[in-house]
Number of protein chains: 2
Amino acid sequence: MPGISGGKNYHHGDLRNALIGAAVDLASEGGPERVVLREAARRVGVSPTAAYRHFDGRGELLRTVRGHARARLAEAMERAAAREPGADDPALAAERRLAALCRGYVGFAVDHPGLYRAAFGTVRPAAGEPPAGAPVPPEPEIRAFTLLRETLEALDRSGGRRSAAGAAAWSAVHGLSLLLLEGPLRRLPARRRDDVVETTLAMVVSGARAR
Amino acid sequence: MPGISGGKNYHHGDLRNALIGAAVDLASEGGPERVVLREAARRVGVSPTAAYRHFDGRGELLRTVRGHARARLAEAMERAAAREPGADDPALAAERRLAALCRGYVGFAVDHPGLYRAAFGTVRPAAGEPPAGAPVPPEPEIRAFTLLRETLEALDRSGGRRSAAGAAAWSAVHGLSLLLLEGPLRRLPARRRDDVVETTLAMVVSGARAR
DNA sequence: GCTGGAATGTTCATGCGGTCAACATCGGGC
DNA sequence: GCCCGATGTTGACCGCATGAACATTCCAGC
């Protein structure tokens, strides 16, 4: 293996991870559409086709980035929830946790727009890329969603349609994030943005309560 | 002008509209990323660069498609609301209208995925396309949003933070649509999908009530 | 140690998209 | 009738994804 004295000429030594790192950076900078195989290779200092030894093509690279981005989102949500003070009433605690998770979600989206978009946007074929023929593999667990669903379950006495409620909450934060990031709510001043975020969270919590 | 006896050889006669039509078709078939200048020109039977006489480039073509898509979405919402029976209680009527509008919104997204995505996705630069330097022009009125906001106002006695509530409702339906179309809720069976839609609508309505 | 196959990179070539500059054609006003 | 501006066409350049053929390196097995 390449030691400290850079013996890494022809063979890079850890190209796969290096490419992933570059691709994540690209996504951070400009979202999934900026994740371009050639540029990632360029940044790592390797020829474009080298990437094909480690990835099936741009699509797989992008999917890998998406996994990273989703993991980071979930971490951000958990951090936000951890900062939230508890409560004696378990229902109240669950409500607070729900709101905190949602705030963490939208906060991550706003702070890391490119990563967030990479996390949930469809992998769009780039120009010159064939229209994708392979059947899309099933989605692995998405921690961000699980966090929401579990908290809703804690809030739920009746036990009905839990997963649908989770999806509803998710819809709200996802839609809000996208409207703020790349939708018509872009360029909303920060003050009004907070308004919208809090109003949406109130809607989510009231929906969870009303169930 | 080109008469009935096809005198439209070198000069098309209505190329701009023809291109828009082709582009809308493309968006319907495969979403905004499929709206490709060369293909639109090909379908119209004209050389790629001819489009530049009528559009600033791919970006403007796509923006035009977006306008069409948004208009169609609003029409679908209004049709859905028109089908909804009224009610004596104006508040109840407003609630029903709100739910119907939302249902129309998500229904349009599900029925016309490509158009819906074209309506609200950011105009992403395609490969080979310069990274866009001009400042994005402000968004014109978006009728879909106005419909939601107005209905929420009718539901609103206190007169507070109306626009934020509209954005919250919009967030929910937008997020839901995208999760269903290109997000992890894709391939949800129709039965469960309806569940999620109704649960989300309940959340929206309960949020509007709780205000 | 030495060596030959497997890994890992490189070069070259193809095809698709966006866009520009230079040239061709048409239609209508004068 | 003629000329100009609007509208199309050709040809070229650049970036991207991807595949085939070739080069280099590493390491397992001797």
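Chain A is the first sequence line, chain B the second, and so forth, proteins listed ahead of strands; every chain is numbered from 1.
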Which of dT9(D), dC16(D), dT18(D) is nearest the side chain of R42(A)? It is dC16(D)

From CZ of F55(A) across to C1' of dG9(C) the rounded distance in Å is 15 Å

H54(B) NE2 to dG8(D) C1', in whole Å, measures 8 Å

Legend entry - Check: R38(A) side chain, P48(A) main-chain N or O, donor-acceptor pair, under 3.5 Å: no

Against the side chain of L37(B), the closest entry in dG17(C), dT19(C), dT8(C) is dT19(C)

From OH of Y52(A) across to C1' of dA21(D) the rounded distance in Å is 16 Å

When rounded to whole Å, the CG to C1' distance for the pair D14(B) and dA6(D) reads 15 Å

For R16(A), answer base if it contacts any base atom (sugar-phosphate contacts may also be present), sugar-phosphate if it contacts only those atoms, and nothing otherwise; contact means non-hydrogen atoms under 4.0 Å.
nothing

To the nearest angstrom, the CD-P distance between E33(A) and dC16(D) comes to 14 Å

In whole angstroms, the gap separating C1' of dG17(C) from CG of L62(B) amounts to 14 Å

Of dC22(D), dA17(D), dT7(D), the nucleotide closest to the side chain of R53(B) is dT7(D)

Validate the cation-pi geometry between R58(A) and F55(A): distance from NZ or CZ to the six-membered ring centre under 6.0 Å, angle to the ring axis within 45°.
no

Here the pair of heavy atoms bringing A144(A) nearest to Y105(A) is CB-CE1, 4.3 Å

For the pair Y116(A) and V110(A), evaluate side chain to side chain contact (heavy atoms under 4.5 Å, CB included) and give the outcome as yes or no after the intermediate values. CA-CA 8 Å; Y116(A) 178 75; V110(A) 170; over 6 Å; no

In whole angstroms, the gap separating P of dC16(D) from CZ of R58(B) amounts to 15 Å

Between CD of E39(A) and P of dA17(D) the distance, given in whole Å, is 10 Å

**Asked** Going by heavy atoms in the side chains, are T64(B) and L19(B) under 4.5 Å from each other?
**Response** no

Residues E39(A), R42(A): salt bridge by 4.0 Å N-O rule: yes

Which of L147(B), L148(B), L201(B) passes side chain to side chain contact (heavy atoms under 4.5 Å, CB included) with L98(B)? Answer is L148(B)

Between protein and nucleic acid, restricted to nucleotides 10-13 of chain D and to nitrogen or oxygen atoms under 3.5 Å apart, what atom pairs and distances do you find?
from    : atom 1 : to     : atom 2 : distance (Å)
dT10(D) : O4     : T49(B) : OG1    : 2.8

